[in-house]
Amino acid sequence: MSQSAAKAVSSKKSRIRSSNGDRIFDICNYIFLTLLMVVTLYPFLNTAAVSLNNATDSIKGGIYLLPRIWTLDNYAYVLKESTIFHATLISILRTVIGTIATVFCSAMVAYTITRQEYVLRKFVTIAFILTMYFNGGLIPNFLLIRDLGLINNFWVYIFPGLIGVFNLIIIRSFIEGLPESILESARIDGAGDFKMFYSIVLPLCVPVLATVALFSAVYQWNQWFDVFLYNSSNIDLSTLQYELQKILQNSNASLTTKSAGDAFANAGNSGANTVTPFAVRATMTIVASLPIIMVYPFLQKYFVKGMTVGGVKG
Amino acid sequence: MDSKPTMSTSSLVLPKKPKGLKYFGIKLIEQRVLVLMSVPFLVWLFIFKYMPLWGWTIAFQDYKPAKSFGEQKWIGFDHFQFLFQDERFIRVLRNTLAMSGINLVLGFVTAITLALLLNEVRKVAFKRIVQTVSYLPHFISWVVAASIVQTTLSPDGIINQILLWTGFVEKGEEILFLGIPEYFWGIFGASSVWKDVGWNTIVYLAAMTMIDPAQYEAAEMDGAGRIKRMWYVTLPGIKPVIIVLLIMNIGYLLESGFEPQYLLGNGMNVDFSENLDIFVLKYGIAQGNYSLSIAAGMFKTIISFILLFAANNLAKRMGESRLF
């Protein structure tokens, strides 16, 4: 019987003989990888379980993979909180606007530096690539943003990171790989450069732009530091990640008390006394990561493509 | 519409190539659409990426925010001198190097190991599931990750529960992991691995697909088992990739990350969690000591710049493809 199994394996994959040692290796490997998945997923599932469990009950501990007393109260509480609702809107807004702006602008500049006859091609390329080697640093950037009047301003989420050099390089490589004949024939038809870019190059670049868009969207959604640094005094510009960061900071401060329970007072002020800071944190954690967790498995191949495209020298 | 198809004409009449400013001007007008499409972003680049360098002058001044540039008092390298005598800065430097070192070694070893193991999985569906799951933490923010880490390590978190079950700690004696300074580097390393190990395998897995299957067959003929084939065929096959990545990572030796340390750091573990970036943030933004924090930031940028350049050249000299 083991003979036939071995035969099946060997016919499937290039005549690799399956000895006893190999079989043990295989078993260990599968066990190890399964364990790895458990370790990776458990914290998420545990957090989800806490967020779906009755808050006062959670304090007793012992919540692992499943809630003991199911409830949606925590979510109701979190989403009813107007600050958090508004922060969610800002998160969505910056993700959408930031992604579109980044993709469009990066593609446009990338197109110009693929035009061999463009007199500024070298200059533009080098000016961008040089910035990979240095950056002004936190404080000079902060002072610049302040002097530009972008403090307490929504556009500070969009402008400073508009074009990433890395994006520029992978889009440029992609355009250079397009069949020259298509571009040439459009040019002979008298298309100007912007028309060429907008109606020919842009549609052809969808695969690479999808990758850039995904990375940009994840970046925008996950970003909290610029909110903290520039817009922390304006609650109207707060984002979901930043709200979670504030909660985290509070529970960090209360670590010394050893109890996760009485970390801060702002939970429970809406009349729903069943909510605890611990449960709010778990719920916020899920809300802040849910969009990514839901979208990611379906778009995984685009993410991976971006990673491997980037490995090829620009 | 009236802009001529410049490329086709210039490629037809290529031989004559006038030089000089006039030619340049004519070309600029001819290519005004391209200019309009890129020069605004050149301005953007200048403002957001090059202008901040001007701020470095503050490191050499006794900077007072109320005064104009001309009125600032210049004090030379005083701030730098102060930094290297400052005990806190030395400690911060130690933490930075320790954590990026841990990240480098642990990151490489775990990612390569996982890639090797994944490469041995023959059931495609299983392999894909493992990959999907292990890439996932890479895409969640550090805020979410820190929240998860904090929960996991809390007195009633799973780690303490396991220690309770196995009898390593007594009830009521749960370990407050984030409150013990000496544990911080380990926690940092472990959470970084948890977050990125899957993602870091991608490059290696891609390199492994380039290995000639004939090598495996030859090794098998010689009687090499799975582990031997991994060791003598797969690993040498991805060696060039490992070397390039190692060299490139040396360029980021002072980049030990900011978010995990900031988000997991607290008053108790500050002696081990505070790194250069946090130092700059605390001195600069919180205390308003711009000069000193810019000096510290400058130190980091310049060392990184040198390392990055050296690494890039080293990789080039070794005949490997450069990063850029």
Side-chain angles (χ1 to χ4, degrees), chain A residues 13-14 16 21-22 25 29 33 37 40-41 43 47 61 105 108-109 112 115 117-119 124 127-129 131-134 136-141 143-144 160 162-163 187 192-194 218 222 224 241 244-245 248 252 255 258 260 281 285 288-289 292 296-297 300 304 307-308 311 313-314, chain B residues 3 5-8 10 24 27-28 31 33-34 37-38 41-42 44-45 48-49 51-53 55 117 120 122 130 132-134 137 139-141 143-144 146-148 151-152 154-156 178-179 202-203 206 213 220 225-227 263 266 280-281 284 290 293-294 297 301 305 308 321-322 324:
Chain A
K13 182 121 185 182
S14 61
I16 290 175
D22 289 353
F25 174 85
N29 196 9
L33 292 175
M37 286 198 284
T40 310
L41 286 181
T47 309
C105 299
M108 193 147 83
V109 177
T112 67
R115 296 299 312 273
E117 79 281 9
Y118 181 34
V119 282
V124 174
F128 270 95
I129 286 183
T131 62
M132 285 180 105
Y133 284 95
F134 65 85
L138 182 74
I139 308 297
N141 278 320
L143 296 176
L144 174 81
L162 193 58
I163 297 178
R187 206 161 283 134
D193 270 307
F194 187 73
V218 170
N222 281 344
W224 62 276
Q241 302 285 340
L244 179 60
Q245 192 265 337
L248 205 64
N252 241 343
L255 250 183
K258 261 201 172 191
R281 197 180 85 198
T285 306
S289 53
I292 287 175
Y296 155 76
Q300 191 198 342
V304 175
M307 183 70 178
T308 39
K313 188 183 156 237
Chain B
S3 70
T6 45
M7 185 170 177
S8 39
S10 65
F24 184 73
K27 275 289 174 195
L28 269 189
Q31 300 171 345
V33 181
L34 284 173
M37 284 165 73
S38 60
F41 298 101
L42 217 52
W44 168 87
L45 188 77
F48 283 99
K49 304 286 166 183
M51 284 251 285
L53 295 183
L117 294 179
E120 294 298 320
R122 306 238 191 80
V130 176
T132 304
V133 169
S134 65
F139 294 102
I140 55 156
S141 67
V143 181
V144 169
S147 166
I148 284 173
T151 309
T152 310
S154 73
D156 12 80
L178 283 167
I202 294 177
V203 183
E220 207 202 336
R226 295 284 283 281
I227 295 177
L263 296 167
N266 58 45
V280 169
L281 182 75
Y290 293 147
S293 82
I294 290 177
T301 307
F305 180 83
L308 206 60
S321 57
R322 288 171 306 150
F324 37 80

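Letters A, B, ... mirror the listed sequences (proteins, then strands); counts begin at 1.
With a threshold of 4.5 angstrom between heavy atoms, A:Phe25 approaches chain B through side-chain atoms but not through N, CA, C or O. Contacts of A:Thr47 with chain B are made by side-chain atoms alone, with heavy-atom separations under 4.5 Å and no backbone atom involved. For chain B, the nearby parts of A:Leu244 are the backbone and the side chain; heavy atoms of each come within less than 4.5 Å. For A:Leu143, the part lying under 4.5 angstrom from a heavy atom of chain B is the side chain only. Both the backbone and the side chain of A:Val124 come within contact range of chain B, with heavy atoms under 4.5 Å apart. Using a 4.5 Å cut-off between heavy atoms, A:Leu144 contacts chain B through its side chain alone, with no backbone atom that close.
Counting only heavy atoms from C-beta outward, the side chains of A:Thr40 and B:Pro137 approach each other to under 4.5 Å. At a threshold of 4.5 Å between non-hydrogen side-chain atoms, the residues B:Ile294 and A:Pro140 count as touching. Residues A:Met132 and B:Leu308 are not in side-chain contact: their nearest non-hydrogen atoms beyond the backbone lie 4.5 Å or more apart.
A search for ring-ring contact (aromatic ring centres under 6.0 Å, His included) contacts involving B:Phe139 returns A:Tyr296, A:Phe303, B:Trp199, not counting sequence neighbours.
A side-chain donor-acceptor contact under 3.5 Å links B:Gln31 to the backbone of A:Glu117. Put simply, the side chain of A:Gln241 never gets that close to the backbone of B:Ser141: no donor and acceptor are under 3.5 Å apart.
Comparing A:Leu162, A:Leu41, A:Asn141 by how many heavy-atom pairs each has under 4.5 Å with chain B, the most go to A:Leu162. Options A:Ser289, A:Gly61, A:Ala127, A:Gly137 differ in how many heavy-atom pairs under 4.5 Å they form with chain B, and the most are formed by A:Ala127. Options A:Val109, A:Val218, A:Ile163 differ in how many heavy-atom pairs under 4.5 Å they form with chain B, and the most are formed by A:Ile163. With chain A as partner, the option from B:Ser147, B:Gly284, B:Gly225, B:Ala146 having the largest number of non-hydrogen pairs under 4.5 angstrom is B:Ser147. By number of non-hydrogen pairs under 4.5 angstrom with chain B, the leading residue of A:Cys105, A:Pro160, A:Gly21 is A:Pro160. Counting heavy-atom pairs closer than 4.5 Å to chain A, the top residue among B:Ile148, B:Thr301, B:Leu117, B:Val130 is B:Leu117. Top candidate by heavy-atom pairs under 4.5 Å with chain A, chosen from B:Glu120, B:Met51, B:Met37, is B:Met37.
Under the 30°/60° scheme for interplanar angles, the aromatic rings of B:Phe305 and A:Tyr133 are found to stand perpendicular.
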